[in-house]
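Down below is the structure, laid out as structure tokens.
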Amino acid sequence: MGTIVNPPDAAGDIICPNHGSTFSLEGELEKGPAETGLTPVDITVEDGQIFLA
């Protein structure tokens, strides 16, 4: 849906701030109401910082 999700919490869950769907660190759907997992994006890491590729 285009929502930027929160960073993983202490348990490693990624939670959508809009509807509370929960995703694994790999982006797989764990709990809805979302119907699919997260869409992967390409990144690069430079000097310890993460950037969209």
Point to revise | Set of side chain to side chain donor-acceptor pair (under 3.5 Å) partners for Thr3, sequence neighbours left out | key: Asn18
Review point. Would you say Ile4 has more than 12 foreign heavy atoms packed within less than 6.0 Å of its CD1?
Key: no
Practice item. Group every Ile, Leu, Val, Met, Phe, Trp and Tyr by side-chain heavy-atom contacts under 4.5 Å, then state whether Ile50 and Leu52 land in the same group. Key: yes
**Study point:** All side chain to side chain donor-acceptor pair (under 3.5 Å) counterparts of Glu26, not counting sequence neighbours
**Key:** Ser24
Check your understanding: Looking only at heavy atoms, what is the nearest atom pair of Ala34 and Ser21, with distance?
Key -> N-OG, 2.9 Å
Practice item. Could you tell me whether the side chain of Asp13 and the main chain of Ile15 form a donor-acceptor pair under 3.5 Å? Key: no
Review point. How would you list all residue pairs meeting side-chain hydrogen bond (donor to acceptor under 3.5 Å, both in side chains) that involve residues 29-51, not counting sequence neighbours?
Key: none
**Study point:** Closest non-hydrogen atom pair, Cys16 against Phe23
**Key:** CB-CE1, 4.3 Å
Practice item. Give the C-alpha distance, both sets of side-chain angles, the deciding distance and a yes or no for side-chain contact (heavy atoms from CB on, under 4.5 Å) between Thr22 and Ile14. Key: CA-CA 6 Å; Thr22 304; Ile14 300 170; over 6 Å; no
